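Have a look at the structure below, then the notes.
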Amino acid sequence: MDYKTIANDGIVEKEIKKSRFICHLKRISNEEEGREYIAQIKKKHHKANHSCSAMIVGEDGQIKRSSDYGEPSGTTGVPMLTVLEKQGLTNVVAVVTRYFGGIKLGAGGLIRAYSGSVAHAIEEIGRVEIKELMGLIVKLTYSQYQVFSNFLEKEGLQEFDTTFLSEVSTTLFVEESEIERLGQELTEFYQGKVNYEKSGKKIVEIPV
């Protein structure tokens, strides 16, 4: 398991030449979920002029769908899909609802508006990488923990599930092949005075 998707579901709106473009992004696990969400948005915004959509599903992004929903053919769905592809995202559906503001955009303008709405929404919401990684529980004294951020920065890692009791317990997630090396690096960093243990595999979301 190793793929990128959006960090959260979200809605981001922008105005382009007096038209409102509302981009809805949602994580999905199959095509049916995507279709249900598209139908839900169309129903919610039934007074809107258009609700165009694009979705990619599957860890390898093998299912791709798009719809122009009343806009000129090729000006909305495919450009929106292209943005998702270029961002390397999957298991996501994008729906852009347009409330027409009276100024026609032309084919080029529509392509830029719809694809730009999706790109802007992704930038606002953020992306994550979903990976199955091996956990390493690290137990530190409070004084050791004060310099732990230096170790994380050196290794390009982030900590998870940190608890502060009589000692600090925190978990790192890395590729299984990296566990042994990371243990050695920890031991060296703390000059032999550090306790850690493997905690099994877990699906982790890492900000991109």
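Note that the structure is predicted; figures quoted are calculated from it, not measured.
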| said: Let's go through Glu159 and Thr162 carefully: what are the C-alpha distance in whole Å and the side-chain angles of both, what is the deciding distance for side chain to side chain donor-acceptor pair (under 3.5 Å) to 0.1 Å, and is it a yes or a no? | reply: CA-CA 7 Å; Glu159 59 185 300; Thr162 307; 2.7 Å; yes
| request: Show the numbers, then the answer: is there a side-chain contact (heavy atoms from CB on, under 4.5 Å) between Leu105 and Lys17? | output: CA-CA 8 Å; Leu105 300 178; Lys17 292 190 176 177; 3.6 Å; yes
| field | From CA spacing to verdict: side chain to side chain donor-acceptor pair (under 3.5 Å), Glu15, Ser19 | value | CA-CA 6 Å; Glu15 186 178 303; Ser19 282; over 6 Å; no
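Using a 4.5 Å cut-off on side-chain heavy atoms (C-beta onward), Ile6 and Val128 make no contact. The shortest distance between side-chain heavy atoms of Val92 and Lys26 does not fall below 4.5 Å. Two residues are said to be in side-chain contact when any heavy atoms from C-beta on lie closer than 4.5 Å; Thr90 and Thr5 fail this criterion. Looking at Leu25 and Ile122, their side chains come closer than 4.5 Å, going by heavy atoms from C-beta outward. When side chains are defined from C-beta on, Tyr145 does not count as touching Val138, because their heavy atoms never get closer than 4.5 Å. No side-chain heavy atom of Thr141 sits less than 4.5 Å from a side-chain heavy atom of Val168.
His50 contributes a side-chain N or O that, together with a main-chain N or O of Tyr69, makes up a donor-acceptor pair within less than 3.5 Å.
Val96 and Ile41 are assigned to two separate hydrophobic clusters, defined by single-linkage of ILVMFWY side chains at heavy-atom distances under 4.5 Å. By the criterion of side-chain heavy atoms lying less than 4.5 angstrom apart, applied directly or through intervening Ile, Leu, Val, Met, Phe, Trp or Tyr residues, Ile137 is not grouped with Met134; the two fall into different hydrophobic clusters. Linking ILVMFWY residues whenever their side-chain heavy atoms come closer than 4.5 Å, directly or via other members, places Leu81 and Val83 in the same cluster. With hydrophobic clusters built from ILVMFWY side chains whose heavy atoms lie under 4.5 angstrom apart, Ile125 shares a cluster with Val118. Criterion: ILVMFWY side-chain heavy atoms under 4.5 Å apart, direct or through other members. Under it, Ile38 and Leu84 are not part of a common hydrophobic cluster.
Closest approach of Ile16 to Ser117, counting heavy atoms only: CD1-OG, 4.4 Å. A pairwise comparison of heavy atoms in Arg27 and Ala7 identifies NH2-O, 3.1 Å as the closest pair. Considering every non-hydrogen atom in both Ser115 and Pro79, the closest pair reads CB-O, 3.8 Å.
Applying the ring pair (Phe, Tyr, Trp, His ring centres under 6.0 Å) test to residues at least two apart or on different chains, the pairs with a partner in residues 75-113 are His45-Tyr99. Among residue pairs with one or both ends in residues 61-76, those qualifying as salt bridge (charged side-chain N to carboxylate O under 4.0 Å, His left out) are Glu31-Arg65, Lys64-Glu85, Glu71-Arg98; sequence neighbours excluded. Within the structure, the salt bridge (charged side-chain N to carboxylate O under 4.0 Å, His left out) test picks out no pair touching residues 111-123 (sequence neighbours left out). Listed by first and then second residue, the salt bridge (charged side-chain N to carboxylate O under 4.0 Å, His left out) pairs that reach into residues 133-156 are Lys154-Glu185, Glu155-Arg181, sequence neighbours excluded.
Here Met80 contributes atom CE and Cys52 contributes atom SG; the two are 6.5 Å apart, rounded to the nearest 0.5 Å. Atoms OH and CD1, from Tyr37 and Ile28 in turn, are 10.5 Å apart once rounded to the nearest 0.5 Å. Rounding to the nearest 0.5 angstrom, the gap separating the CG atom in Leu172 from the CD atom in Glu178 is 12.0 Å. Annotation: the span from Ile130 atom CD1 to Ile206 atom CD1 amounts to 9.0 Å, rounded to 0.5 Å. One finds the CG atom of Leu110 at 8.0 Å from the OG1 atom of Thr76 (value rounded to the nearest 0.5 Å). Separating the OG atom in Ser51 from the CD atom in Gln40 is a distance of 11.5 Å, to the nearest 0.5 Å.
Every ring pair (Phe, Tyr, Trp, His ring centres under 6.0 Å) that Phe173 has, sequence neighbours left out, goes to Phe160. For Glu13, the salt bridge (charged side-chain N to carboxylate O under 4.0 Å, His left out) partners at least two apart in sequence or on another chain are Arg20. Checked against salt bridge (charged side-chain N to carboxylate O under 4.0 Å, His left out), Arg127 has no partners two or more places apart in sequence or in another chain. Residues forming a side chain to side chain contact (heavy atoms under 4.5 Å, CB included) with Ser149 (at least two apart in sequence, or on another chain): none. Residues forming a salt bridge (charged side-chain N to carboxylate O under 4.0 Å, His left out) with Glu175 (at least two apart in sequence, or on another chain): Lys131.
No hydrogens or angles considered: nothing links the side chains of Gln184 and Thr187 as a donor-acceptor pair under 3.5 Å.
Cluster note: Ile103 groups with no other residue, as no ILVMFWY side-chain heavy atom lies under 4.5 Å from it.
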Donor-acceptor contacts under 3.5 Å from residues 53-61 side chains, at least two apart:
none

Let me check something: any side-chain donor-acceptor pairs from residues 188-204 under 3.5 Å, sequence neighbours excluded? List them with distances.
from: Tyr190; atom 1: OH; to: Gln144; atom 2: O; distance (Å): 2.9
from: Tyr196; atom 1: OH; to: Gly183; atom 2: O; distance (Å): 3.4
from: Lys201; atom 1: NZ; to: Glu176; atom 2: OE1; distance (Å): 3.3

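With a 6.0 Å cutoff to the six-membered ring centre and a 45° limit on the axis angle, Lys14 does not count as a cation-pi contact of Phe21.
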